[in-house]
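A short write-up of the structure that comes next.
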Amino acid sequence: MTSLLEELLSCCSASQKIQLPWLIINSLFAIATQILKYLLKFVTHTSSLTFFFLFIVNLLDSRTVMGDLGWIAYPKNGWEEIGEVDENYAPIHTYQVCKVMEQNQNNWLLTSWISNQGASRIFIELKFTLRDCNSLPGGLGTCKETFNMYYFESDDEDGRNIRENQYIKIDTIAADESFTELDLGDRVMKLNTEVRDVGPLTKKGFYLAFQDVGACIALVSVRVYYKKCPSVVRNLARFPDTITGADSSQLLEVSGVCVNHSVTDEAPKMHCSAEGEWLVPIGKCLCKAGYEEKNNTCQVCRPGFFKASPHSPSCSKCPPHSYTLDEASTSCLCEEHYFRRESDPPTMACTRPPSAPRSAISNVNETSVFLEWIPPADTGGRKDVSYYIACKKCNSHSVNGVSDQNPGARQFVSVNVTTNQAAPSPVSSVKKGKITKNSISLSWQEPDRPNGIILEYEIKYFEKDQETSYTIIKSKETMITADGLKPGSAYVFQIRARTAAGYGGFSRRFEFETSPVSVAASSDQSQIPIIVVSVTVGVILLAVVIGFLLSGRRCGYSKAKQDPEEEKMHFHNGHIKLPGVRTYIDPHTYEDPNQAVHEFAKEIEASCITIERVIGAGEFGEVCSGRLKLQGKREFPVAIKTLKVGYTEKQRRDFLGEASIMGQFDHPNIIHLEGVVTKSKPVMIVTEYMENGSLDTFLKKNDGQFTVIQLVGMLRGIASGMKYLSDMGYVHRDLAARNILINSNLVCKVSDFGLSRVLEDDPEAAYTTRGGKIPIRWTAPEAIAFRKFTSASDVWSYGIVMWEVMSYGERPYWEMTNQDVIKAVEEGYRLPSPMDCPAALYQLMLDCWQKDRNSRPKFDEIVSMLDKLIRNPSSLKTLVNASSRVSNLLVEHSPVGSGAYRSVGEWLEAIKMGRYTEIFMENGYSSMDAVAQVTLEDLRRLGVTLVGHQKKIMNSLQEMKVQLVNGMVPL
Ligand code: AMP
């Protein structure tokens, strides 16, 4: 800088002849030096910043070279280096030239060889000051304000001494800012920065050259660099250092490499811009299973954690009931006794097989079964419990369910269901009888396997090839005559049998042809048909008249010419309802009761029976449970009723009478008779075993434990059994929950068919004024009043059974006396709805209790209605609301009103809820008046959580609230 200033001063003094006082010159010199030092510091600072932020690699920075730069000036007196140092005593390589006063300047400054390090495009940043020619005293014609920059490519350092004209010009460099004397005076020295780029370079390195043609320049620093996109990890792919392309607008596509423990999801790519920036990332890598992403790396999952797939975001804790002891786990192992299905995701908890479904009930509707159960208490931790219903054919006496718990990952349970009687097998042989031109008579054999009592046959026939228009005849006999047929035509017949279990399959098709019309007969003997017809009509009329006369005396025994139970129906793609069938035979009609027993019941050898324990007491002796082993069959549990020793002949007859009746029935909801022991003592009746005993006791024991659907299922079973009995023409007379038995599948069966039962057996039966013994609370008014026992009076009793079931075995009319019950019912009062009873069911009860017995529903209607409710459970959601219950609840059925209890404790004890006394007292319900205000919510709050107990307490409270004397509201 000193030389520059000297030059400047010398130029001024020489060419302009301006004499500056030494004082001023000295001060200018000092100031300029300081300013230059300041500028250099600034340059150092900004260049390092630039380097930091831009992805730049320096090939040369004149200011950081500590020793000799090795640059050459030509001619020697042109560019000269100024040996300045900065405040850290680091050398500052500054070159200057200021031959503004001389003509034809051509001063070259050549750098040493600079390796391009593989870059094909390099940048040159120059920092320099340049003197404004106008500011020179007097103005100088030779003064320039630019200089030129050149380069020459070469693979090595040998090309340095080439001629100037071999250099390629990069650019002419002009100053944005040139400085003047004034600037020096203002202590401002303007430093210019100019950047030029060169490319594409094809050799390993190059030289730069700066040509001065007569300017006053100080070249403060020269920096040569290239740009690159620096190594980076993006989307778990590592992209290497990438030197930018040769072209300023070029984007280089670069492929990334997945980092350790990662895998390619979609090939990772990025683009390196000419400015050294990474642009447009495409694709990505994912940490492989067992590893998770953290800070752009893939870290191993610790023991106890797992990652199942590269696509899972991170390691997760092992789900419940699973574990892993290893690092990098891709799944966890199930703990002992826990499993996982193949289809379960590894994120799902290991689960156990569920426990068995509970309280399975089956309702048999002829040949179909409706099954219902409560889900298993323990679903093993799964929500997707599915039910596999295995329909296994067992031998007729044993039902053997298998609880098939797969120890593996699949979990399923099969439910034991009671199978029912099979439908009859098809009729196999059909014989033709008499054939005329208009009729065909047929007869056939009973099916090989009737599987029950055959109630009737259905004969379907149609003219060959006219199948859509067929006729159906029903017959109880094994023969029929189809008449009204076309002469000389082929007809197809099929026959099937019906038992209580429904219809069996149709037989194969039998084809018979009617006789052809005889042409000769019709022409030659044209008079004969008229005579025949006249005679026939006469005979028929006579027969009708005689029959009519005889029917007055013998109608019970006489048979109409056409069997009234043989019905003919014509179908054309349609259906017709069956008429009722009466087949029950009263054993009383047998002169010898033993004959009746042996007609309807099998004799069992006593040695086949093992008695195990006493389970109840019947009128004639003990009732035991035991096992029956018949030849060729598996042993199975049975109930055994015994006739106590010392019986009278009448008692024996009555005792076996029940078997004579029961043996005629074959229905899944009627207790099934296995047989009798009459040839040895004790005399026994053996029936199927019903694990849960009588329904009333069972319900009381399980108060509040069933769903409404389950209760309706029980009722449906009872109704179905009763429909069967009424179809058979049997009137039960003592239908009550105590006479219904219930098995382990909650299938209810009607029992108690004793002949004298209504008179003596039933403890509920009371003597009426007319001398009969009748279970008053269950019996229809007309049966009580004038012993009119019919299926309609059974329907009344069924309504009472419904009420018993829905109130879990509550006693109908509570403690009212029989006389009060008779009176109240006669006056039109009816039982109120049980608590929480669906409105549809209570309505059905009220229908069963219609005074006019013809207005009561029939059992088949009851069955269909219950089926409808079961099929559509939402119809059971509407309950009889509490207020209408209360308004209906006008029976004073509690022994006494609230006033009758002296304390809350006494009241609770009386209804067997004494355990809550303390809680009631502690919560301020210490008087009966206070208790009267208790609501269901209050009970729940007090901790009375069992539904059965809530019902008991609320029922009792409501009973106490209603203080009507002696009866119920009229319907
Ligand atoms: P019964 O004489 O028919 O009223 O029977 C008396 C008691 O014996 C009934 O209340 C039942 O508890 C029991 N019982 C009768 N029959 C059976 C059966 N088939 N299975 C189980 N328990 C029965």
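We're numbering straight along the sequence, starting at 1. We count ligands from 1, going down the list as the structure has it; atoms in each ligand are counted the same way.
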Judging by distance only, is a nitrogen or oxygen of [X] under 3.5 angstrom from one on ligand 1?
X    : value
E688 : yes
G618 : no
K641 : yes
T687 : yes

Neighbour count above 12 (heavy atom, 6.0 Å) for M865 CE:
no
Using residues 676-683 as the side-chain source, report each donor-acceptor pair under 3.5 Å to any protein atom, sequence neighbours left out, with the distance given to one decimal.
from, atom 1, to, atom 2, distance (Å)
T678, OG1, H598, NE2, 3.3
T678, OG1, E603, OE1, 2.5
T678, OG1, E603, OE2, 3.4

Report, in ascending order of atom number, the atoms of ligand 1 lying under 4.0 Å from any heavy atom of [X].
X    : answer
A639 : 17 (C), 18 (C), 19 (N), 20 (N)
I615 : 21 (C), 22 (N), 23 (C)
V623 : 5 (O), 6 (C), 8 (O), 14 (N), 15 (C)

For [X], which part has a heavy atom under 4.0 Å from ligand 1: side chain, backbone, both, or neither?
X    : value
A617 : backbone
L741 : side chain
D752 : side chain

Taking Q950 for its side chain and G948 for its backbone only, find out whether a donor-acceptor pair lies under 3.5 Å.
no
Below 4.0 angstrom, N of the basic side chain to O of the carboxylate: do E674 and K633 qualify?
no
Is any NZ, NE, NH1 or NH2 atom of the basic residue among K851 and E826 found under 4.0 Å from an Asp or Glu carboxylate oxygen of the other?
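Between E826 and K851 there is a salt bridge, with a charged N closer than 4.0 Å to a carboxylate O.
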Would you give the length of the straight line joining atom CD of E815 to atom OG1 of T817, rounded to the nearest 0.5 angstrom?
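It is 10.5 Å, given to the nearest 0.5 Å.
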Side chains of E804 and W778, donor plus acceptor under 3.5 Å
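Checked: E804/W778 side chains pair up, N/O donor to acceptor below 3.5 Å.
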